[in-house]
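Values below: all heavy atoms of this structure, side chains included; hydrogens, waters and symmetry mates excluded.
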Amino acid sequence: MNPLKQIIFELQEISVLIARAFLSIFSKPRYYTETVKRMDVIGVGSLPIILLTGFFTGGVLTLQSYPTLSYYGGQSQTGQLVAFTLIRELGPVLSALMVAGRIGSSISAELGSMVVSQQIDAMRAFGTDPVRKLVLPRLIALITMLPLLTVAADISGIIGGGVVASYIYNHDYNVFVSSARTGITIEDIIGGVIKPLFFGLIIGSIACYRGLSTSGGTVGVGRSTTSAVVQSSIVVIIVDFFLSRALQHVLGVNHI
């Protein structure tokens, strides 16, 4: 199939999958237990790697920016630079990429294994809708938990930046935190929470689609898992650009 036609076809299939999943909210049965379980796996399970990533990202930002700011006499603004860089951009994107690698691959592999072992066909034979039972809880869990994980990454990153500034550059930690607090606006925070909502939907829908469209046995499961991680990561980065541009117009988050 022509690559452009393939992209359009997959986009159409993913859109149909999302629509089917969210339309099923309005009818029974509803799998609350499964949804809560997925929230625990995604949220609590991903928290350590998110905190670690955020902490060292904030530390690297301080490590790289402090000497330059100090050269121009602006070292007191290091906290502001680290905070709004994390909240606007790096926090949402890095959290999404970490979750795509950890959770996106898991979802695709799990659903792909169920397809090749004919468990999905068995569910349909017993009258259970796989989209309602398997896809919707994962989408809801990702959309709900990714913004919270992003906030955790932002906070961890600011702490990491403050620790590096304090222990490596002997910069007053209170000055760093004060600069971070005064340097960000409510618009920055709103924008930093809106992005993960879309990223969660992207990761979940692509991973579920790839898992449910698996073919070719166990080898196909590996291909689906790889495709889910790569495609969701690429789409997250592309969509981030357009979301950032849209948020600049809607919220006015275009100051430095």
Side-chain angles (χ1 to χ4, degrees), residues 42-43 45-105 145-185 187-196 198-200 202-203 229-230 232-241 243-245 247-248 253-256:
I42 293 170
S46 301
L47 191 58
I49 190 173
I50 290 294
L51 292 176
L52 192 66
T53 301
F55 184 89
F56 282 99
T57 299
V60 168
L61 284 173
T62 300
L63 197 65
Q64 297 290 349
S65 62
Y66 189 92
T68 303
L69 291 173
S70 180
Y71 179 80
Y72 292 103
Q75 63 268 26
S76 62
Q77 303 303 313
T78 304
Q80 177 181 349
L81 176 65
V82 171
F84 72 59
T85 302
L86 281 169
I87 291 173
R88 285 194 210 172
E89 193 61 38
L90 290 182
V93 172
L94 288 179
S95 297
L97 294 179
M98 292 297 103
V99 170
R102 181 181 182 274
I103 302 301
S105 60
M145 300 310 298
L146 190 53
L148 300 178
L149 290 172
T150 300
V151 172
D154 294 339
I155 295 173
S156 178
I158 293 172
I159 293 173
V163 169
V164 170
S166 177
Y167 285 93
I168 294 182
Y169 296 113
N170 296 317
H171 184 67
D172 192 323
Y173 187 82
N174 292 324
V175 173
F176 182 94
V177 173
S178 177
S179 173
R181 189 189 307 118
T182 58
I184 57 177
T185 64
E187 288 82 9
D188 293 326
I189 296 173
I190 292 173
V193 173
I194 288 175
K195 284 184 178 182
F198 289 91
F199 295 161
I202 289 168
I203 295 168
V229 175
V230 172
S232 58
S233 299
I234 292 173
V235 174
V236 161
I237 294 172
I238 294 173
V239 170
D240 176 62
F241 172 82
L243 278 177
S244 297
R245 188 59 180 161
L247 289 171
Q248 284 182 345
V253 281
N254 53 9
H255 64 278
I256 301 297

Partners meeting side-chain contact (heavy atoms from CB on, under 4.5 Å) with [X] (sequence neighbours left out):
{"X": "Ser70", "answer": "Tyr66, Gln75"}
{"X": "Val230", "answer": "Thr226, Ile234"}
{"X": "Leu94", "answer": "Thr53, Thr57, Leu90"}

Looking at [atom1] of [X] and [atom2] of [Y], how far apart are the two atoms once the value is rounded to the nearest 0.5 Å?
{"X": "Gln80", "Y": "Thr85", "atom1": "CD", "atom2": "OG1", "value": "9.5 Å"}
{"X": "Glu187", "Y": "Gln248", "atom1": "CD", "atom2": "CD", "value": "13.0 Å"}
{"X": "Leu81", "Y": "Thr78", "atom1": "CG", "atom2": "OG1", "value": "7.0 Å"}
{"X": "Lys195", "Y": "Ile202", "atom1": "NZ", "atom2": "CD1", "value": "11.5 Å"}
{"X": "Glu89", "Y": "Asp188", "atom1": "CD", "atom2": "CG", "value": "11.5 Å"}

Please find the pair of heavy atoms, one from [X] and one from [Y], that lie closest to each other, and give the distance.
{"X": "Ser233", "Y": "Ala100", "value": "OG-CB, 4.0 Å"}
{"X": "Leu149", "Y": "Gly43", "value": "CD2-O, 3.5 Å"}
{"X": "Ala180", "Y": "Ala83", "value": "CB-CB, 3.8 Å"}

Residues in side chain to side chain donor-acceptor pair (under 3.5 Å) with Ser46, at least two apart?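 Partners of Ser46 under the side chain to side chain donor-acceptor pair (under 3.5 Å) test: Arg102.
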Using residues 150-160 as the side-chain source, report each donor-acceptor pair under 3.5 Å to any protein atom, sequence neighbours left out, with the distance given to one decimal.
unit_1 : atom_1 : unit_2 : atom_2 : d
Thr150 : OG1    : Leu146 : O      : 2.8
Ser156 : OG     : Leu51  : O      : 2.7
Ser156 : OG     : Phe55  : N      : 3.2

Give every donor-acceptor pair under 3.5 Å between a side-chain atom in residues 166-178 and any protein atom, sequence neighbours left out.
unit_1 : atom_1 : unit_2 : atom_2 : d
Tyr169 : OH     : Leu63  : O      : 3.0
Asp172 : OD1    : Asn174 : N      : 2.8

Only one of Leu148, Val236, Ile50 clears side-chain contact (heavy atoms from CB on, under 4.5 Å) with Ser95; which?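 Of the listed residues Leu148, Val236, Ile50, the side-chain contact (heavy atoms from CB on, under 4.5 Å) partner of Ser95 is Ile50.
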Does any non-hydrogen side-chain atom of Phe199 lie less than 4.5 Å from one of Leu97?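 Leu97 does not reach Phe199 side chain to side chain.
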Donor-acceptor under 3.5 Å (Ser232 side chain, Ile203 main chain):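 Not a single qualifying donor-acceptor pair exists.
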Do Phe84 and Thr185 pass the side-chain contact (heavy atoms from CB on, under 4.5 Å) test, and can you show the C-alpha distance, the side-chain angles, and the key distance before you say yes or no? CA-CA 9 Å; Phe84 72 59; Thr185 64; over 6 Å; no
